[in-house]
K.L.:
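One structure follows; several queries about it will come next.
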Number of protein chains: 2
Amino acid sequence: MLTNNCDINESEAAPIECARELMGTLPRLRRILLEFFPCVEGHLALTLPQFFALSCLYSGESLPSHLSRRLMVSKPTATVVVDGLVKRGLVERGAGPDDRRQVTLRLTPAGRRVCEAHRQAVEQRLCRAFAGLGTDELQRLLLALRDLQRVLQPDAQEKET
Amino acid sequence: MLTNNCDINESEAAPIECARELMGTLPRLRRILLEFFPCVEGHLALTLPQFFALSCLYSGESLPSHLSRRLMVSKPTATVVVDGLVKRGLVERGAGPDDRRQVTLRLTPAGRRVCEAHRQAVEQRLCRAFAGLGTDELQRLLLALRDLQRVLQPDAQEKET
DNA sequence: TATTGTTATACTCTATAACTATA
DNA sequence: TATAGTTATAGAGTATAACAATA
């Protein structure tokens, strides 16, 4: 069977236990990512990358290169995701601010509406879920999410083309 | 806005704060899922769904329908993922045990080797990451992961909308 | 008729390499 | 030469609908 040099049996809260717990919960967490967040029905429906990109533009970003860094995807991937948003009439491309190689991405009025509606729907859905947790559990979750994010840094190399 | 600081007052541990924290960390967590887990290089490389499917078969599952439920994907998607594993020589299809409609999925020796190597590599990588956390933080993370899983049940969400 | 699994179809995400235009 | 962004290409994951074989 599998062996591991991290295996410590003294406590449940050992790295190996967390590792196995995380591996065990991943399919479900992944499913949640897949269907919990792009949760708005009908014409508002967005994929998760589209939702992230739209939120990113909503919060002030405007250059594709910044978008690709924020979303941590390659530039061609950012182009594809933006293409989808443009095709849906949620984003417009325009001339860049400083440099004629650059492109400015702007939300259309529809894009702004969809982004706000979507963010609100996701927040409300999450709030309903988190209403099932007490204050201590919420605080624990908040801190744990930050720990997880800090400790699972992907390798520092960026997705560049 | 939320800080990376660890001192948190009581008002921050509200459902809405957790919701926003989770939404804010999602792109990074998603990136981690994408590249942290299928971390074995070269011929051992597996995508995340392939890794999950292989692990599932390793742990005793053998029917495509069970696989699709465990992975929480549609049956056609399970077929596609299994196709990829078969093409890589890691899985074989055979006759079903009880019912001639069924198909039995079996790991090949290579599939078994790749699965063990991959699981071990992922566990070790997670252990290295979690080594940066203290016992209290690990315990908190363990409990928070369980809370998150319990409270974000996709099936628990209302379907009548 | 219902179930198991696959096919057919269509779409999105993803990356690397090559390209265009600009700097 | 270097950079910003797109195009070309290839491959994987995803779902719904339709289908075949079996129950």
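Heavy atoms only: backbone and side chains are in, while hydrogens, waters and symmetry mates are out. To find a chain, count down the sequence lines: A is the first, B the second, and so on, and within it residues start at 1.
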K.L.:
Provide, to the nearest angstrom, the distance between the CG atom belonging to A:Leu67 and the P atom belonging to D:dT6.
P.N.:
10 Å
K.L.:
Given B:Tyr58, which of B:Glu116, B:Arg112, B:His118 fulfils the side-chain hydrogen bond (donor to acceptor under 3.5 Å, both in side chains) condition?
P.N.:
B:Glu116
K.L.:
Counting only side-chain N and O atoms of B:Arg100, is one of them less than 4.0 Å from OP1 or OP2 of D:dA20?
P.N.:
no
K.L.:
How many angstroms lie between CD in B:Glu61 and CG in B:Leu67, if you round to the nearest 0.5 Å?
P.N.:
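Nearest 0.5 Å value for the CD-CG distance: 7.0 Å.
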K.L.:
Using whole Å, report how far CE of A:Met72 lies from P of C:dT14.
P.N.:
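Those two atoms, CE and P, are 11 Å apart.
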K.L.:
Measure CG/B:Leu85 against C1'/D:dG13 and give the value in whole Å, please.
P.N.:
13 Å
K.L.:
Across the strands shown, which category fits B:Val80 at heavy-atom distances under 4.0 angstrom: base, sugar-phosphate, nothing?
P.N.:
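Counting heavy atoms under 4.0 Å across all strands, the contact made by B:Val80 includes a base.
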K.L.:
Are OP1 or OP2 of D:dA15 and a side-chain N or O of B:Ser74 less than 4.0 angstrom apart?
P.N.:
yes
K.L.:
Among the nucleotides C:dA17, C:dC13, D:dT14, which one has an atom lying closest to any side-chain atom of A:Pro76?
P.N.:
C:dA17
K.L.:
Using OP1 and OP2 only, check whether a side-chain N or O of B:Arg69 sits under 4.0 Å from C:dG5.
P.N.:
no
K.L.:
Starting at atom CG of A:Asp98, determine the distance to atom P of D:dG5, rounded to an integer number of angstrom.
P.N.:
11 Å
K.L.:
Between atom CG of B:Leu22 and atom CD of A:Gln149, what is the distance when rounded to the nearest 0.5 Å?
P.N.:
10.5 Å
K.L.:
B:Leu33 CG to D:dT14 P: how many Å, rounded?
P.N.:
12 Å
K.L.:
So which nucleotide from C:dC13, C:dT6, D:dT14 ends up closest to the side chain of A:Pro49?
P.N.:
C:dC13
K.L.:
For B:Ala78, is there any backbone N or O sitting under 3.5 Å from a side-chain donor or acceptor partner on B:Ser68?
P.N.:
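Between the backbone of B:Ala78 and the side chain of B:Ser68 there is no qualifying donor-acceptor contact (under 3.5 Å).
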K.L.:
It should be established whether B:Arg93 places a side-chain nitrogen or oxygen under 4.0 Å from OP1 or OP2 of nucleotide C:dT6.
P.N.:
yes
K.L.:
Roughly how far, to the nearest 0.5 Å, is the OG atom of B:Ser59 from the CZ atom of B:Arg70?
P.N.:
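So the CZ of B:Arg70 and the OG of B:Ser59 are separated by 4.5 Å.
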K.L.:
Can you tell me how far P of D:dA10 sits from NZ of B:Lys87, to the nearest Å?
P.N.:
13 Å
K.L.:
State whether A:Thr79 places a side-chain N or O below 4.0 Å from either non-bridging phosphate oxygen (OP1 or OP2) of D:dT6.
P.N.:
yes
K.L.:
What is the nucleic acid contact for B:Arg88, judged by heavy atoms within less than 4.0 Å: base, sugar-phosphate only, or nothing?
P.N.:
sugar-phosphate
K.L.:
So, is B:Ser65 close to the C:dT3 phosphate, meaning a side-chain N or O under 4.0 Å from OP1 or OP2?
P.N.:
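No, outside the criterion.
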K.L.:
To the nearest angstrom, how far is A:Gln50 atom CD from C:dC11 atom C1'?
P.N.:
10 Å
K.L.:
Over how many whole Å does the gap from A:Lys75 atom NZ to D:dA2 atom C1' extend?
P.N.:
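From A:Lys75 NZ to D:dA2 C1': 11 Å.
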K.L.:
If you measure from the Lys or Arg side-chain nitrogens to the Asp or Glu carboxylate oxygens, is any gap between A:Asp147 and A:Arg140 under 4.0 Å?
P.N.:
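Judged by the 4.0 Å cut-off on N to carboxylate O distance, A:Asp147 and A:Arg140 do not form a salt bridge.
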K.L.:
Checking contacts here: which listed nucleotide (D:dA23, D:dG13, C:dT14) is nearest the side-chain heavy atoms of B:Asp99?
P.N.:
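From the listed options, D:dA23 comes nearest.
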K.L.:
Remember a base hit wins even if backbone is also touched, and classify B:Leu48 as base, sugar-phosphate or nothing at under 4.0 Å, heavy atoms.
P.N.:
nothing
K.L.:
Check every atom of D:dG5, D:dA15, D:dG13 against the side chain of B:Thr47 and return the nucleotide holding the closest atom.
P.N.:
D:dG13
K.L.:
For the base of C:dT22, is there a side-chain donor-acceptor partner from A:Arg101 under 3.5 Å away?
P.N.:
yes
